[in-house]
Amino acid sequence: MFTGIIEATGTLTELSANHGDLTVRVKSDTLQMNDVKLGDSIATNGVCLTVIEKYSDGFKADLSNETLHLTLFAQYKVGQKVNLEKALQPISRLGGHLVSGHVDGVATIESVTSNARATEYWLAVPGDLMKYIPYKGSVAIDGISLTVNEIKESKFKLTIVPHTAQETTIVDFQVGSKVNLEVDQISRYLERLIQGAQMPAKESTLTTNLLAKAGFIK
């Protein structure tokens, strides 16, 4: 579990085909690795990756074909900059929102405009995901916890303050850039609960005869 508050940025220095899927090497001069163990999770551009090899300046991780299908990792090249966040500890402040690192899909930057010292980004979203993005709700873009400030049909707007741009890969976003998108977890769970409530109840096969045969009643 993560918060979407980016700790450091890094660079993909290796992308190696590995028996049908992918192994990546991430290098970062600013991510503290002293408390990272093999098997720990690190969100990499919003994708929850498991550390399989650890170095003083980064780590290696495997990516399954499911991850490659749903995220932008299949398109990344050596030299790609990525946002990094280690897994949340229970004693940490929850500065963003709860982020699972399970990417829902890909969004596209449609416009970039200045507004005083902030920068506004409009993003286009696949139609099936837009229902999970409410006004003033939370989303994770390449792992960054951000607030939705406006909605229009299949698009939403983000307003980025200078600090966030400077500390993340947002500074490199341009019109046409594609980003990993994770919607807020609560909306997904609510949808599933509602779907479950609408399912017809199954008729019970439990009868008094069956209970008697099992010895529960006489």
Side-chain angles (χ1 to χ4, degrees), residues 1-7 9 41 43-49 66-76 81-85 87-88 93-198:
M1 192 66 67
F2 308 92
T3 67
I5 303 300
I6 303 304
E7 296 181 58
T9 57
S41 297
T44 307
N45 259 16
V47 182
C48 179
L49 299 183
E66 172 73 6
T67 300
L68 295 174
H69 173 70
L70 287 175
T71 73
L72 290 166
F73 265 90
Q75 301 175 32
Y76 289 163
K81 289 177 62 179
V82 291
N83 297 307
L84 301 171
E85 181 192 356
L88 171 67
R93 291 186 179 91
L94 186 59
H97 71 286
L98 289 176
V99 177
S100 69
H102 303 156
V103 171
D104 294 292
V106 172
T108 304
I109 308 292
E110 289 223 328
S111 69
V112 181
T113 56
S114 297
N115 185 346
R117 293 187 304 119
T119 305
E120 295 180 340
Y121 297 83
W122 277 96
L123 290 85
V125 180
D128 58 336
L129 293 179
M130 195 62 206
K131 62 184 177 181
Y132 302 115
I133 302 177
Y135 172 64
K136 294 301 180 184
S138 297
V139 292
I141 299 297
D142 276 356
I144 309 162
S145 175
L146 299 169
T147 301
V148 176
N149 286 325
E150 192 174 341
I151 288 176
K152 289 181 181 178
E153 299 175 346
S154 62
K155 303 175 186 179
F156 67 92
K157 184 178 77 174
L158 302 171
T159 302
I160 309 300
V161 297
H163 176 79
T164 303
Q166 292 165 7
E167 298 297 322
T168 69
T169 59
I170 288 180
V171 70
D172 298 322
F173 287 2
Q174 302 174 20
V175 173
S177 294
K178 296 187 180 299
V179 293
N180 294 315
L181 168 67
E182 179 184 335
V183 301
D184 188 65
Q185 295 181 47
I186 295 174
S187 60
R188 289 187 295 187
Y189 290 132
L190 281 174
E191 179 183 50
R192 183 58 185 153
L193 284 169
I194 292 169
Q195 290 175 343
Q198 293 173 343

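To the nearest 0.5 Å, atom CD1 of residue Ile141 and atom OG of residue Ser177 are 12.0 Å apart. Of the inter-residue distances, the one linking Leu84 atom CG with Thr9 atom OG1 reads 7.0 Å to the nearest 0.5 angstrom. Here the straight-line distance linking atom NZ of Lys157 with atom CD of Glu110 works out to 14.5 Å at 0.5 Å rounding. With rounding to the nearest 0.5 Å, the separation of OG1 in Thr44 from CG in Asp142 is 11.0 Å. Rounding to the nearest 0.5 Å gives a distance of 10.0 Å between CD1 of Ile109 and CD of Gln174. To the nearest 0.5 angstrom, Glu150 atom CD is 11.5 Å from Lys155 atom NZ.
Under the 4.5 Å side-chain criterion, counting only non-hydrogen atoms from C-beta, Val106 is not in contact with Val179. Counting heavy atoms from C-beta on, the side chains of Phe173 and Val112 never come closer than 4.5 Å. Considering only heavy atoms from C-beta on, Val47 stays 4.5 Å or farther from Leu70 through its side chain.
Counting heavy atoms of neighbouring residues, nucleotides and ligands inside a 6.0 Å radius, atom CD1 of Ile186 does not exceed 12 of them.
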Considering only distance and modelled atom types, tabulate donor-acceptor pairs under 3.5 Å from the side chains of residues 160-171, sequence neighbours left out.
from	atom 1	to	atom 2	distance (Å)
Thr168	OG1	Thr164	O	2.7
Thr168	OG1	Ile170	N	3.2
Thr169	OG1	Asn83	OD1	3.4
Thr169	OG1	Asn83	ND2	2.9

Do any side-chain atoms of residues 133-140 form donor-acceptor pairs under 3.5 angstrom with protein atoms, and if so which ones, sequence neighbours left out?
from	atom 1	to	atom 2	distance (Å)
Lys136	NZ	Asn149	OD1	3.0

Hey, can you pull the donor-acceptor pairs under 3.5 Å for the side chains in residues 115-124, sequence neighbours left out?
from	atom 1	to	atom 2	distance (Å)
Asn115	ND2	Glu120	OE2	2.8

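Scanning for side chain to side chain donor-acceptor pair (under 3.5 Å) contacts around Thr67 gives Ser64, with sequence neighbours left out. Under the rule for a side chain to side chain donor-acceptor pair (under 3.5 Å), the partners of Glu191 that lie at least two apart in sequence or sit in another chain are Lys131, Tyr132. Evaluation of the side chain to side chain donor-acceptor pair (under 3.5 Å) rule for Ser145 yields His97 as partners, not counting sequence neighbours. Taking the ring pair (Phe, Tyr, Trp, His ring centres under 6.0 Å) definition, one finds that Phe73 meets it with Tyr76, sequence neighbours left out.
Of all the heavy atoms in Ala107 and Val125, the pair that sits closest is CB-CG2, 4.4 Å. Here the closest heavy-atom approach between residue Cys48 and residue Ser100 is recorded as CB-O, 3.8 Å.
Put simply, the side chain of Asn180 never gets that close to the backbone of Gly143: no donor and acceptor are under 3.5 Å apart.
Residue pairs satisfying the salt bridge (charged side-chain N to carboxylate O under 4.0 Å, His left out) criterion with at least one member in residues 168-189, sequence neighbours excluded, are listed as follows: Lys81-Asp172, Asp104-Arg188, Glu182-Arg188.
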